[in-house]
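Inspection log for the structure reproduced underneath, given as structure tokens.
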There are 2 protein chains.
Amino acid sequence: MKTSTTTECCPPAEPMPPVPTDPVEANEHLARLAKAIGHPARVAIVRMLVRHEGCIVGDIVDALPFAQSTVSQHLKQLKDAGLIRGEVDGPRVCYCVEPGAVALFKALVEAL
Amino acid sequence: MKTSTTTECCPPAEPMPPVPTDPVEANEHLARLAKAIGHPARVAIVRMLVRHEGCIVGDIVDALPFAQSTVSQHLKQLKDAGLIRGEVDGPRVCYCVEPGAVALFKALVEAL
DNA sequence: CCCTCATATCGCATATCGACGATTGACGTT
DNA sequence: AACGTCAATCGTCGATATGCGATATGAGGG
């Protein structure tokens, strides 16, 4: 198996970062998460990572119609927003969703 | 009563724009909505409009620490995304949430 | 060791955003 | 008709986003 690497590399991950109590901070947090999601490619990435329970790497690049460097930037933005996590797995890098962050995002949106 | 105008002006509004079936289109739609939400001021605006069942106008400007023109631009972005609607009510303009769009957004996020 | 593969990062060009002040337009009031 | 008010738009500016190719970096394999 080489073509599609679906290695296991994601730790259990925390349950859910505390929902911000301060309304202003909640707004900013939601805005930050929404902004990170605010691009079709990043939506696709998140969806892909959520579906593939495990993690994927350069498969993401193959699945998207963008150059490798572009995809890497999108991954960085998602990582900066705390939505995903990347861990080095030998020669390749393994990305996985941060379930808590996604849950928080859903909660914040639901609370709109 | 002049200071805080909370006039009634929002029509019942449709129940919910159809959830896009095409996954690509769903991604783009979600991205568009998320992008529109991806700013603290716009989050605040949406939240404000959702809470005040009716509609508000220049009160939004007073509630935010930005110039009137800036708030107007944010309102325009939200309107372009289909999240809110603005109707002229005499000398002032009345904004209200598009409940269907918000529901769709929530549904799309939930389906992540 | 060198070489390759997989990612990240840099540098660049273009486009859009975010904020503002100033102007315009629409509407009531006087 | 002239005025004042409210809101949208214009023009501008710096900052950021988005895309790419080219280049660094790092881990493994020959």
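Just so you know, these numbers come straight off a predicted model, no measurement behind them. Values below: all heavy atoms of this structure, side chains included; hydrogens, waters and symmetry mates excluded. Below, chains carry the letters A, B, ... as their sequence lines are ordered, and counting in each starts from 1.
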Could you go through residues 32-50 of chain B and list every donor-acceptor pair under 3.5 Å that involves a side-chain atom there, pairing it with any protein atom two or more places apart or in another chain?
residue: B:His39; atom: ND1; partner: B:Ala41; partner atom: N; Å: 3.0
residue: B:Arg42; atom: NE; partner: B:Ala36; partner atom: O; Å: 2.6
residue: B:Arg42; atom: NH1; partner: B:His74; partner atom: ND1; Å: 2.9
residue: B:Arg42; atom: NH1; partner: B:Gln77; partner atom: OE1; Å: 3.2
residue: B:Arg42; atom: NH2; partner: B:Lys35; partner atom: O; Å: 3.4
residue: B:Arg47; atom: NE; partner: A:Asn27; partner atom: OD1; Å: 2.8
residue: B:Arg47; atom: NH2; partner: A:Asn27; partner atom: OD1; Å: 2.8

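- The interatomic distance linking B:Lys76 (NZ) with C:dC20 (C1') rounds to 18 Å, in whole Å.
- Protein atom CG of A:Leu64 is 10 Å distant from nucleotide atom P of D:dG19, rounded to whole Å.
- Nucleotide C:dC5 holds its P atom 14 Å from the CG atom of A:Asp62, rounded to whole Å.
- Between atom CD of residue A:Glu28 and atom CG of residue A:Asp22 there is a gap of 8.5 Å, rounded to the nearest 0.5 Å.
- When the side-chain nitrogen and oxygen atoms of B:His74 are compared with OP1 and OP2 of C:dC17, none of them lie within a distance under 4.0 Å.
- Taking 4.5 Å as the limit, some side-chain heavy atom of B:Phe105 sits within range of a side-chain heavy atom of B:Leu30.
- Following rounding to the nearest Å, B:Phe66 (CZ) and C:dC17 (C1') show an atom-to-atom distance of 13 Å.
- When rounded to the nearest whole Å, the span between CZ of B:Arg42 and P of C:dA19 equals 8 Å.
- A distance of 13.0 Å separates CG in A:Leu108 from NZ in A:Lys106, rounded to the nearest 0.5 Å.
- Remark: A:Lys35, A:His39 in residues 29-39 of chain A come within less than 4.0 Å of DNA chain D through at least one heavy atom.
- Taking the side chain as every heavy atom from C-beta outward, A:Glu98 and A:Ile84 never approach each other to under 4.5 Å.
- Following rounding to the nearest Å, A:Ile60 (CD1) and C:dA8 (P) show an atom-to-atom distance of 9 Å.
- How far OG1 of B:Thr70 is from CD of B:Gln73: 6.5 Å, rounded to the nearest 0.5 Å.
- Applying the 4.0 Å criterion to OP1 and OP2 of D:dG19, one finds that A:Thr70 has every side-chain N and O outside that range.
- Within the 4.0 Å cut-off from OP1 or OP2 of C:dA6, not a single side-chain nitrogen or oxygen of A:Tyr95 is found.
- Residues A:Glu87 and A:Tyr95 are not in side-chain contact: their nearest non-hydrogen atoms beyond the backbone lie 4.5 Å or more apart.
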Q.
I'd like to compare against my own output: the B/S/- annotation of nucleotides 22-30 of chain D with a strict under-4.0 Å heavy-atom distance to protein.
A. B----SS--
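- Going from atom CD of A:Gln73 over to atom P of C:dA6 covers 20 Å, rounded to whole Å.
- Atom CD1 in B:Ile56 sits about 16 Å away from atom P in D:dC6, given to the nearest Å.
- One finds the CG atom of A:Leu75 at 15.0 Å from the CZ atom of A:Arg85 (value rounded to the nearest 0.5 Å).
- No side-chain heavy atom of A:Cys94 sits less than 4.5 Å from a side-chain heavy atom of A:Ile56.
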